[in-house]
Amino acid sequence: MPHSRKVVVVSQHYPPDHSTTAAIMSAIAERIAQEADVMVVSGMPGSARALAPGRPVVVEIRNWLPGKAALIKRALAEALFTGRIFIALLSRLQHGDVALTVTAPFALPYAVAAAARLKGAKSALILHDLFPDVLVMAGLLRPSSLVARAMRAINALMFRALNIVIVIGRDAEKLLLRYGGMTQDKIRFIPNWATLPPGSRPVSPDNPFRKAIAARFVVGLSGNLGFTHDPEIVFNAARLLRDERDIHFLLSGWGMGFARLKDMQAEARLANVTLVDRVADGELDALLSSADVWLIPYRKDVAGVSVPSRFYNLLAAGRPVILVSEPEAEAALTVSENRLGWVVTPGRPDQLADAIRLASRSQDTAMAERAVATARTFSSERALASYAALVAELLTNRDVERTA
């Protein structure tokens, strides 16, 4: 591949940020840098790094990061960051380069696609969340609102400009193809991966997160509970199961949804619920080993809109999963195809309680082995090799089709 061409990875989140997006984008950039020149344009303070042999050079763009609950401030900060990224790319992208970005913040891909188009570069988007569908799913926008219609119109222009859209779930293709600017040859499926090493982890009474729990069966919840998640279905299921003393809920995490769980528990004081704040990365393995089954509670209409990154680590820990989701969503398909747990209708705490009862009585001891085996198929090596191959194709192929 010509030395003069480079790959520009654009991400608001990058180490030293500890988010999942930062870890994924860093891993992709480092892998591609083994075969091509890579520049990372980051919005994370402290991320800037000089060029070293075989490593990406990281350019830091000034950014303001208000808390996720401060919606107006967050929207303003993301708009400012997107504008700065657009200006930065106009001066850094060259003809034949490849720009690779992600949907965080949601407006970032618009700036990247536009700058790449203006500079004669190619562009690829990693679609973690589909907007405005995520906001509609969360109840923040009406499907037919002026804002939603405007976002879809801008999406159509962006998808037409992009060379490649990388989806992390098979369920996204149907929604993407509704846009006139999208064709099947632009869509590539590269799932995310487990960050924990897959392996059997027996349930131990000495586990630090389980020691104080007397119940035989522990139901876990972990991770960021954002707009797309439903904390109330979890708490209402716990309320329905409060008299079943052999079942206990261990709920850990952060975000708006976890704050809601804290409020509900402060009022109800359920004896079968234990709340644990976000754990350090070094404690994640112990936390995921502490429960017998793990919950992922989505609101309705998640299919094609979002894929839970935490899902792969739960499988790597050798635990079955109870997923609140439509059956055609990516994670639900993986659960059903590999017999890894249960899928529950969104908004039905009674069904969730029934699934937890079934899980507590399950005699399928091979489910843990299937979970670990499935996690191994979602390896970082396989995914990162796919990213490297895709970028090599874009760098070397002058005829990658761009719909006018």
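The residues of the chain are indexed from 1 along the displayed sequence. Computed from heavy atoms alone, side chains included, the values below leave out hydrogens, waters and symmetry copies. Quick caveat: nothing in here was measured; it's all calculated off a predicted structure.
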Practice problem: Could you go through the side-chain contact (heavy atoms from CB on, under 4.5 Å) check for Phe311 and Leu323 one step at a time? | Solution: CA-CA 9 Å; Phe311 176 60; Leu323 185 70; 5.6 Å; no

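In this structure the side chain of His128 reaches within 4.5 angstrom of the side chain of Asn192, judged on heavy atoms. Here the side chains of Phe86 and Leu118 are in contact, with some heavy-atom distance below 4.5 Å. Leu261 is listed as a side-chain neighbour of Met264, based on a closest heavy-atom distance under 4.5 Å. Side-chain contact between Arg210 and Pro205: absent, with no pair of heavy atoms (C-beta onward) separated by less than 4.5 Å. You'll find the side chain of Leu352 reaches within 4.5 Å of the side chain of Leu295, heavy atoms only. When side chains are defined from C-beta on, Thr82 counts as touching Pro105, because their heavy atoms get closer than 4.5 Å. Side chains of Ser47 and Pro16 form a contact here, defined as non-hydrogen atoms less than 4.5 Å apart. Inter-residue side-chain proximity for Ile126 and Met25 is flagged as met; some heavy-atom pair is nearer than 4.5 Å.
Within a 6.0 Å radius of CZ in Arg142, no more than 12 heavy atoms belonging to other residues, nucleotides or ligands are found. Around atom CD of Glu337, more than 12 heavy atoms belonging to other residues, nucleotides or ligands sit under 6.0 Å away.
Classification of the His229-Tyr298 ring pair by plane angle, with boundaries at 30° and 60°, yields parallel.
Here the closest non-hydrogen pair linking Phe131 and Asn155 is O-ND2, 2.6 Å. Pairing each heavy atom of His13 with each of Ser19, the nearest pair is CB-OG, 3.7 Å. Shown here for Asn272 and Ala238, the closest heavy-atom pair between the two residues is ND2-O, 2.9 Å. Counting all heavy atoms, side chain and backbone alike, Gly96 lies closest to Leu395 at O-CD2, 3.9 Å. Across all non-hydrogen atoms, the minimal contact from Leu162 to Lys186 is O-NZ, 2.9 Å. Residues Pro346 and Val324 share a closest heavy-atom pair of CA-CG1, 3.5 Å.
Looking only at distances, no side-chain donor or acceptor of Glu328 sits under 3.5 Å from a matching main-chain atom of Asp171. Here the side chain of Glu330 pairs no donor or acceptor atom with the backbone of Val307 at under 3.5 angstrom. With hydrogens and angles ignored, the 3.5 Å screen pairs a side-chain donor or acceptor of Ser252 with a backbone N or O of Val276. Although no hydrogens or angles enter the test, the distance criterion places no donor-acceptor pair under 3.5 Å between the side chain of Asp97 and the main chain of Ala121. Of the possible polar contacts, one joining the Ser386 side chain to the Arg382 backbone as a donor-acceptor pair under 3.5 Å is found. Between the Arg31 side chain and the Ile28 main chain, no donor and acceptor come within less than 3.5 Å of each other. With hydrogens and angles disregarded, a donor-acceptor distance shorter than 3.5 Å links the side chain of Arg201 to the backbone of Ala316. A donor-acceptor distance shorter than 3.5 angstrom exists from the side chain of Gln363 to the backbone of Arg361, with no hydrogens or angles considered. Side-chain atoms of Glu173 never come within 3.5 Å of backbone atoms of Gln184 as a donor-acceptor pair (strictly under, hydrogens ignored). Arg339 places no side-chain N or O within donor-acceptor distance of the main-chain N or O of Met367, the cut-off being under 3.5 Å.
Under 3.5 Å, the side chains of Ser362 and Asp364 contain no donor-acceptor pair of N or O atoms. Side-chain contact, Ser360 with Asp292: no donor N or O sits under 3.5 Å from an acceptor N or O.
Put simply, CD1 on Ile24 and CD1 on Ile168 are 7.0 Å apart, with the number rounded to the nearest 0.5 Å. Atoms CG and CH2, on Leu288 and Trp294 in that order, are 5.0 Å from each other to the nearest 0.5 Å. In this structure, OG1 in Thr345 is found 4.0 Å from CD in Gln351, a value given to the nearest 0.5 Å. The CG atom of Leu333 sits 5.0 Å away from the CZ atom of Arg170 when rounded to the nearest 0.5 Å.
Just one residue in the list Leu287, Val219, Leu221 forms a side-chain contact (heavy atoms from CB on, under 4.5 Å) with Leu250, and that residue is Leu287. Checking Asp133, Val136, Leu127 one by one against Val305, the side-chain contact (heavy atoms from CB on, under 4.5 Å) holds for a single residue, Asp133. Here the options are Val218, Leu270, Leu241, the test is side-chain contact (heavy atoms from CB on, under 4.5 Å), and the partner is Phe249; only Leu241 passes.
A cation-pi arrangement is found for Arg278 relative to Trp254, the charged atom lying closer than 6.0 Å to the ring centre and inside a 45° cone about the ring normal.
Comment: Asp354 engages Arg357 in a salt bridge, judged by a side-chain N to carboxylate O separation of less than 4.0 angstrom. A salt bridge links Arg216 with Asp246: the closest approach of a Lys/Arg side-chain nitrogen to an acidic carboxylate oxygen falls below 4.0 angstrom. Using a 4.0 Å cut-off between a side-chain N of Lys or Arg and a carboxylate O of Asp or Glu, Lys262 and Asp277 qualify as a salt bridge.
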